[in-house]
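Have a look at the structure below before the remarks.
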Amino acid sequence: MKTVAIIGASNDRKKYGNKAVRAFLQQNYAVYPVNPNETEVEGLAAYRTILDVPERPKMVSLYVPPPVVLKILPDIAAKGCDELWMNPGTESDEALAEAERLGLNVIQACSIIAVRAFPGAF
């Protein structure tokens with residue numbers, strides 16, 4: 001099964017963290033919303049941290065600012081994933097260097113478009 005943890009998932013349907021949840025659900029992914037301030041996103045249980053997600057996701061898609069990315073990279077590395085998607089606005093030189101140091105497979109692109117969905121459609 002295709003799995004994705006969306007860090008920065010939101011209940012605000014205008015935010016990309018919510019659009020991503022809906023896009024991945026539409027593409028039949030098992031979606032794990034991650035946000036310490038939400039208990040549920042789009043009817044799915046939300047997890048406080050990536051470490052709380054019940055399985056190792058194949059993808060982790062980020063929708064948080066670069067300073068937050070830098071803080072959570074060690075947890076992402078500890079949990080593991082095949083691909084770490086740094087969506088536009090989440091990357092920084094420092095975060096990219098740290099992700100590389102941690103051995104993460106970083107992809108700098110929009111994960112919504114990568115699964116053949118379009119943010120404007122949501």
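Every heavy atom of this structure was used, including side-chain atoms; hydrogens, water molecules and symmetry mates were not.
A distance of 4.0 Å separates CG in L51 from CG in D75, rounded to the nearest 0.5 Å. In this structure, I107 CD1 and M86 CE are separated by 11.0 Å, a value rounded to the nearest 0.5 Å. Rounded to the nearest 0.5 angstrom, I112 CD1 and Q27 CD are separated by 11.0 Å. Distance CD1/I7 to CG/N87: 11.0 Å, rounded to 0.5 Å. We find the CG-CD distance between L70 and E98 to be 6.0 Å, quoted to the nearest 0.5 Å. In this structure, CZ in R22 is found 11.0 Å from CD1 in I6, a value given to the nearest 0.5 Å.
In this structure, the side chains of S111 and Y63 come closer than 4.5 Å at one or more pairs of heavy atoms. Within the 4.5 Å cutoff, no side-chain heavy atoms of N35 are placed close to those of V41. Counting heavy atoms from C-beta on, the side chains of L84 and L73 come closer than 4.5 Å. Residues S92 and V69 are not in side-chain contact: their nearest non-hydrogen atoms beyond the backbone lie 4.5 Å or more apart. By the 4.5 Å heavy-atom criterion applied to side chains, I72 and T49 are not counted as neighbours. Contact check for E42 versus N18: side-chain heavy atoms found under the 4.5 Å cut-off. A 4.5 Å side-chain heavy-atom check between V115 and K2 finds every atom pair outside the cut-off. Between P54 and Y47, some side-chain heavy-atom pair lies under the 4.5 Å cut-off.
Pairing each heavy atom of P66 with each of E91, the nearest pair is CG-O, 3.5 Å. Between P33 and A45, the shortest heavy-atom contact is CD-O, 3.4 Å. Of all heavy-atom pairs spanning A77 and L104, the tightest one is CA-CD2, 3.9 Å. Between S10 and K15, the closest heavy-atom pair is OG-CD, 3.8 Å. The nearest pair of heavy atoms linking C81 to V60 is CB-CG2, 3.8 Å.
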Derivation of the side-chain contact (heavy atoms from CB on, under 4.5 Å) call for L96 and Q108: CA-CA 9 Å; L96 289 167; Q108 293 181 73; 3.7 Å; yes
Begin from the C-alpha positions of L44 and V21 and carry the test side-chain contact (heavy atoms from CB on, under 4.5 Å) through to its verdict. CA-CA 9 Å; L44 302 170; V21 170; 4.1 Å; yes
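A donor-acceptor pair under 3.5 Å is formed between the side chain of K79 and the backbone N or O of V53.
Linking ILVMFWY side-chain heavy atoms closer than 4.5 Å, directly or via other members, places W85 and L62 in two distinct hydrophobic clusters. V64 and F24 are members of different hydrophobic clusters when ILVMFWY side chains are connected at heavy-atom separations under 4.5 Å.
By the 6.0 Å contact criterion, CD on E55 is enclosed, its count of non-hydrogen atoms from other residues, nucleotides or ligands being greater than 12. Atom CD of E40 has more than 12 neighbouring heavy atoms from other residues, nucleotides or ligands inside a 6.0 Å radius. For D93, the CG atom counts as loosely surrounded, since its 6.0 Å shell holds 12 or fewer non-hydrogen atoms of other residues, nucleotides or ligands. Counting heavy atoms of neighbouring residues, nucleotides and ligands inside a 6.0 Å radius, atom NZ of K58 does not exceed 12 of them. Within 6.0 Å of the CZ atom in R56, the count of heavy atoms belonging to other residues, nucleotides or ligands exceeds 12.
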